[in-house]
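Right, one structure below, let's go through it.
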Amino acid sequence: MCITKMAADAIDPTPSTRTPSRKRATPKSDRSPKFKPKSDPTTPNPPSGGYSTGSSYKLDTSVTTTSVSSRTSLSSFRDNLPENAHIYDFAEIRSATNNFLARRHSSSTSSSSWRCTLRGKDVVVFQRKFRRPMDLPRLRERLSVICRSHHVSIVKLLGVSVSGDNVYLVYDFVTGGSLSDCLRNPRNPDFTVLSSWMSRMQVATDLAHGLDYVHSNAGGLSAGFVHKYIKSGSVIVTEPSFNAKICHFGAAELCGETAVEAAAEDVKSPPRAVDKGSGRAFEGARGYMSPEFRSSGIATQKSDVYALGVLILELLSGEEPLKYKFDRASGDYRKISVVDAARYAVDGGVEEVEARVRKWVDRRLKDSFPVEVADKVIRVALECVHVDPDKRPGMQRVAGKISRLYLDSEIWCERVRVPTEFSVSFAPR
């Protein structure tokens, strides 16, 4: 049974200040399980405005034998309730990160990040700069909306701290690895933890539903948001079910970002878009940037759809979305796009579509995947990367299609029942 915040507050027992009276005998007809507050000295005091965690609930073990399971389910429910927004004092951030001398948390999106414990929770703190000035009331307003979001495929934002031009974003710590690391390991290129078709379809399904939640008002948000930086480095894959979680939700909104000013790039990097008004160069997430985002520097929900399409193609092929290789004949760098390669696999060439798709999909899957389903997933992703943003589908439609293809993949797995002890190839390379 789902209970609202008001109902949760209503069942929260308040210790009485009256003088305790003698215990009244419980009639036989009234011997039903009762909740009793039990003091937990290990639980930290709750922040103001949040849910009270200073007491937990236990069923009377003298009355029922189901106390353990009931207490566990209730505790799990309380832990998953969305919390109010927190604006941490900067001194708390400095103390938790040992004055920022603690070991930095590895992240492909930000070099300034620390894993630490804050108010009894294992968190990751990201440091970013304000791209546009923002007063505290507006920051609090945006933060309150973002922190009310709660989805299994989105890493929870707990709060922020502000110091000068810097904002420190505090997220729940999630155990797992980034999708980019799962797909490509420079030390062992032939290995990937996503070695089965179903593991990759699970990731694609989670990402589609998570981004649909970000975009949709039905997700519980007062207004649809734009993530702006959907990419493989911003996705965490957890074990053992290979569920995916989108990181950095709300970061661009809180920092006032519409584009990221590019750092100095090496010669292998592609040309950068230039903001004509300020003369600044913008790169964004390289390879995931839609054409209109690249030209204007303004991201929309359709830009997110484009980035997700690129990410799905990257997930199926295992290749980077954009690479540059030196061509000795021309003496220049040649761009290799995963989007162009996917279009050729489903629409070009003289070979049959099945043969082209098998060559394009990641070889580490050992040809153990449903070709028809793979072809449909590729076509859904190519719809997402259409040059015209008005012709790209909405995330609700994309999530529905990916979910149906996930079910088709499950049916294929049940029919084929591929042994896990060894690899099976259904077609020659």
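The model shown is predicted, which means the values in this text are computed figures rather than measured ones. Throughout, numbering of the chain's residues begins at 1 and tracks the sequence.
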Residue pair V338 / E320: nearest heavy atoms and the distance that separates them: CB-O, 3.9 Å
Among pairs that include at least one residue of residues 185-211, which meet salt bridge (Lys or Arg N to Asp or Glu O under 4.0 Å), considering only residues two or more places apart or in two chains? R200-D362
When rounded to the nearest 0.5 angstrom, what is the spacing between CG in L315 and CG in L308? 10.0 Å
Minimum heavy-atom separation for V310 and G287, please, with both atom names. CG1-O, 3.5 Å
Steps toward side chain to side chain contact (heavy atoms under 4.5 Å, CB included) verdict (L211, V305): CA-CA 8 Å; L211 191 55; V305 174; 5.5 Å; no
Ion pair R356/D375, N-O distance below 4.0 Å: no
I need the L158 CG to L169 CG distance, nearest 0.5 Å. 11.0 Å
A381 versus G309, closest heavy-atom pair with distance: CB-O, 3.6 Å
Do the non-hydrogen side-chain atoms of V214 and I246 ever get within less than 4.5 Å of each other? no
I need the minimum non-hydrogen distance between G210 and S153, along with the two atoms involved. CA-CB, 4.0 Å
For the backbone of N243 and the side chain of T238, can you confirm whether one donor and one acceptor N or O come within less than 3.5 Å of each other? yes
Taking it one step at a time, do Y288 and S232 satisfy side chain to side chain contact (heavy atoms under 4.5 Å, CB included)? CA-CA 10 Å; Y288 303 90; S232 58; 3.2 Å; yes
Could you check whether any side-chain heavy atom of C116 comes within less than 4.5 Å of a side-chain heavy atom of V123, counting everything from C-beta outward? yes
Can you find a heavy atom in the side chain of L118 that is under 4.5 Å from one in the side chain of I93? yes
Can you check whether R334's main-chain N or O pairs, donor with acceptor, with K323's side chain at less than 3.5 Å? no
Do side-chain atoms of S403 reach the backbone of A399 as a donor and acceptor pair under 3.5 angstrom? yes
When rounded to the nearest 0.5 Å, the distance separating SG of C247 from CG of L157 is 12.0 Å
Assign the ring pair F249 / F225 to parallel, tilted or perpendicular, where the plane angle (0 to 90°) is split at 30° and 60°. perpendicular
H227, R392, H215, K228 screened by side-chain hydrogen bond (donor to acceptor under 3.5 Å, both in side chains) with D304, the one that passes: H215
Aromatic ring centroids of F126 and H248 under 6.0 Å? yes
Tell me, yes or no, whether the heavy-atom count around D388 atom CG, taken from other residues, nucleotides or ligands under 6.0 Å, exceeds 12. yes
In Å, rounded to the nearest 0.5 Å, how long is the span from CG of L194 to CD of Q202? 10.5 Å
Residues L143, L254; criterion side chain to side chain contact (heavy atoms under 4.5 Å, CB included); working and verdict: CA-CA 7 Å; L143 182 63; L254 294 173; 4.0 Å; yes
With a 4.5 Å heavy-atom cut-off, do F130 and V162 have their side chains touching? yes
Say whether, by atom type as modelled, one donor and one acceptor occur between the side chain of K245 and the main chain of V152 under 3.5 angstrom. yes
Treating Y306 as the side-chain partner and P389 as the backbone partner, does any N or O pair qualify as donor plus acceptor under 3.5 Å? no
Distance-only, no hydrogens or angles: does the T192 side chain make a donor-acceptor pair with backbone N or O of C182 under 3.5 Å? yes
Within the structure provided, determine whether M198 and S409 are in side-chain contact (heavy-atom separation under 4.5 Å). yes
Does a side-chain N-to-carboxylate-O contact under 4.0 Å join E292 and K302? no
Find out whether I378 and W360 are in side-chain contact, i.e. whether some heavy atom of one side chain is under 4.5 Å from a heavy atom of the other. yes
Are any non-hydrogen side-chain atoms of L316 and W197 less than 4.5 angstrom apart? yes
Enter the distance from I402:CD1 to K376:NZ here, rounded to the nearest 0.5 Å. 12.0 Å
Minimum side-chain heavy-atom gap L407-R404 below 4.5 Å: no
Could you tell me whether E410 atom CD has more than 12 heavy atoms of other residues or ligands within 6.0 Å of it? yes
For R397 versus P393, what's the shortest heavy-atom pair and its separation? CD-CB, 3.9 Å
Backbone N or O of V346 within a donor-acceptor pair of the R379 side chain at under 3.5 Å? yes
Across all chains, not counting sequence neighbours, the salt bridge (charged side-chain N to carboxylate O under 4.0 Å, His left out) partners of R115 are D122
Nearest-0.5 Å distance that lies between atom CZ in F242 and atom CE in M201: 15.0 Å
Using a strict cut-off of less than 4.0 Å between a Lys/Arg side-chain nitrogen and an Asp/Glu carboxylate oxygen, indicate whether R358 and E354 qualify as a salt bridge. yes
Do other residues, nucleotides or ligands put more than 12 heavy atoms under 6.0 Å from the CD atom of E239? no
When every non-hydrogen atom of L183 is compared with those of R364, the smallest separation belongs to O-NH2, 2.7 Å
Just by modelled atom types, is the G250 backbone N or O under 3.5 Å from a matching donor or acceptor in the R142 side chain? no
Just by distance, no angles: are the side chains of N166 and S163 close enough, under 3.5 Å, to form a donor-acceptor pair? no
Ignoring hydrogens and angles, tell me if any N or O in the side chain of S337 forms a donor-acceptor pair with the backbone of V339 under 3.5 Å. yes
Just by modelled atom types, is the Y88 backbone N or O under 3.5 Å from a matching donor or acceptor in the H86 side chain? no
Residues E314 and R184 bridged, charged N to O under 4.0 Å: yes
Derivation of the side chain to side chain contact (heavy atoms under 4.5 Å, CB included) call for E92 and R119: CA-CA 9 Å; E92 286 187 82; R119 295 189 182 181; 3.0 Å; yes
